[in-house]
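Bear in mind that the values here come from a model prediction, so they are computed numbers and not experimental data. Letters go in sequence order (proteins before strands), and every chain restarts at 1.
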2 protein chains.
Amino acid sequence: MERSGGRGGQPRVPTREVVLAAVRLFTENGFEATTMDQIAADSGVSRRSLFRRFGSKEDILFAGHDELFSTVAGYLRASPDEPLTTVFAAARLVLQDYLGDPEVTLPRYRLVRAHPRLRDREVAMTARYQAAFSRYLARQEGTESGSPVAEMAAASLIAAHNHVLRGWLRDPEQDGQEVLARFEEAMDLVRRVAEPMLHAEGGPGNDRVLVAVYPGGIGREELLRRIGAAVQESGRV
Amino acid sequence: MERSGGRGGQPRVPTREVVLAAVRLFTENGFEATTMDQIAADSGVSRRSLFRRFGSKEDILFAGHDELFSTVAGYLRASPDEPLTTVFAAARLVLQDYLGDPEVTLPRYRLVRAHPRLRDREVAMTARYQAAFSRYLARQEGTESGSPVAEMAAASLIAAHNHVLRGWLRDPEQDGQEVLARFEEAMDLVRRVAEPMLHAEGGPGNDRVLVAVYPGGIGREELLRRIGAAVQESGRV
DNA sequence: CTTTTTATGGCATCTAGTGCCAGAGTAAAG
DNA sequence: CTTTACTCTGGCACTAGATGCCATAAAAAG
């Protein structure tokens, strides 16, 4: 594969090595105590090139996230499946990206927990995903303009995704398959919440949503009796 | 009211004037193009005192937000009402704080939209509220540990709040009462979504959630027939 | 081999942010 | 009223992240 599209150039900065060196230095000496000069010296790259390539010290720690976001955004544009299924798969891409690179994502998680500034940065990243999901859902599901349902659905999805992700970050020993299973479970929950919200407004325009909570194992007849009682005899419902 | 507790001190930095001066400079010259020296000169305060009081250039723009967060956190600790009602009221405090200070919040919104770095900062602020709401709900509603429902509920709430808030920020001419009405409407929607989620897990432990979407006006009998068909004859449901 | 293109690396510079210390101003004690 | 104690301001020096400029090294195209 040819690089960026041009014709020549000096050998590029070895991105991966720089990131690993930076992560090591951040972990050993702390994020603020580590200077760009140290990272430059340690990774054999000039300070100037570090800034050119990564933009900022923080960006070294989150390198690759922009690319991942592009991948996710492209996936949404391709829209292979039904909308919710598509955004779930897109979120799964993010989760798998974390799972597949523990060498970076785990120490980064520890750093992010310790430094508010880095935490803010990570939060901002997830907000970008949320915004992208929200826009996609609003467009695909054709929710009423002015309605917050697409935002709420995207927010729930991100919250559920992050919940599962944090579970792994805190206890990375657990099997990746197990984590993915928990993710699917969480997405089922999101679907149960989001689907009625989205369809209730996006459909013919007069759909209603009925949500019933009942003790498990009461049987079909009893369930119907309770619902019938709950909706009263008011006629049209 | 006496200040911090000590005995003396030089007159304090006039916070409000500094903020207004900064907002004006940011708006006229751009955020990055404005230096702390300019703000210092323009507001008649030394550069050193600006940093001491606000911490950073960004913090001038978001001054008062920490105090607001403390107010909100305190409100949650007081917990006057039922949990969801309490978090709704807490969110309302935030909305009203924005509505009540358009002189700052409106130009800030324009700046935040233009500068990704400021946007990230604002996002981080809302994430703090979301985390506080989530913790509060998890504690109050006693959701199963490991379940993402409290996070999802808080995320939906924040999304709905921000939706209403952005609506006003984009069109600040509309009446504050109108905005608040939209807020209440949005919170109703959040309640319909969040309540079953939270209670389904916090109850006896085996509750199920049934969500049915149906065309409005079909009548009670037809509704029951459809639900009966949907849940099949599997016996226990 | 020469040209073109693209990336690196050194240098100067700008400015956000911090530690330090002197001094101003206020409130209480005598 | 004077002294004392305390707190906050403001100036100074300094660190380090970040950017523009320019020379130069290396790879691809001819």
Test side-chain contact (heavy atoms from CB on, under 4.5 Å) on B:Leu137 and B:Thr143 and set out the steps.
CA-CA 8 Å; B:Leu137 287 176; B:Thr143 61; over 6 Å; no
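Looking at every heavy atom in both residues, B:Leu118 comes nearest to B:Glu58 through CD2-CG, 3.9 Å.
A straight line from CG of A:Leu50 to P of C:dG10 spans 11 Å, rounded to a whole angstrom. If you take CZ of B:Arg52 and P of C:dA22, they are 15 Å apart, rounded to a whole angstrom. As rounded to whole Å, 16 Å separates atom C1' of D:dA16 from atom CG of A:Asn29. In this structure, A:Glu17 places its CD atom 14 Å from P of C:dT8, rounding to the nearest Å. Straight-line distance from the CD1 atom of B:Ile60 to the P atom of C:dG17: 9 Å, rounded to whole Å. Put simply, CD on B:Glu32 is 12 Å from P on D:dA18, counting in whole angstrom units. Rounded to whole Å, the distance from CE on A:Met36 to C1' on D:dA18 is 9 Å. As a whole-Å value, the separation of B:Asp59 CG from C:dT18 P is 10 Å.
Atom CZ of A:Arg166 has more than 12 heavy atoms from other residues, nucleotides or ligands within 6.0 Å.
If B:Val45 and A:Gly55 are placed on DNA chain D by their nearest nucleotide, the residue sitting closer to the 5' end is B:Val45.
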Could you write out each protein N or O paired with an N or O of nucleotides 12-14 of chain C at a distance under 3.5 Å?
none

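Taking 4.0 Å as the cut-off between side-chain N and carboxylate O, B:Arg16 and B:Glu103 count as a salt-bridged pair.
Using a 3.5 Å distance cut-off with no hydrogens or angles, the side chains of A:Arg191 and A:Thr85 do pair a donor with an acceptor. The closest side-chain donor-acceptor pair between A:Ser70 and A:Glu67, if any, does not fall under 3.5 angstrom. Side-chain atoms of B:Arg53 and B:Thr15 form a donor-acceptor pair, as typed in the model, at a separation below 3.5 Å. Checking B:Ser156 against A:Ser156 by side-chain atom types alone, a donor-acceptor pair falls below 3.5 Å.
Closest contact between the side chain of B:Ser46 and the listed nucleotides C:dG25, D:dG11, C:dG9 involves D:dG11. The side chain of A:Gln10 lies closest to C:dA7, out of C:dA7, D:dT9, C:dT26. When the nucleotides C:dG17, D:dG17, D:dA25 are ranked by their closest atom to the side chain of B:Ser56, C:dG17 comes out on top. The nucleotide whose nearest atom lies closest to any side-chain atom of A:Arg53 is, among C:dT8, C:dT26, D:dC8, C:dT8.
Taken residue by residue, residues 107-121 of chain B places no heavy atom nearer than 4.0 Å to DNA chain D.
By the 30° and 60° cut-offs, the orientation of the rings of A:Phe133 relative to A:Tyr129 is tilted.
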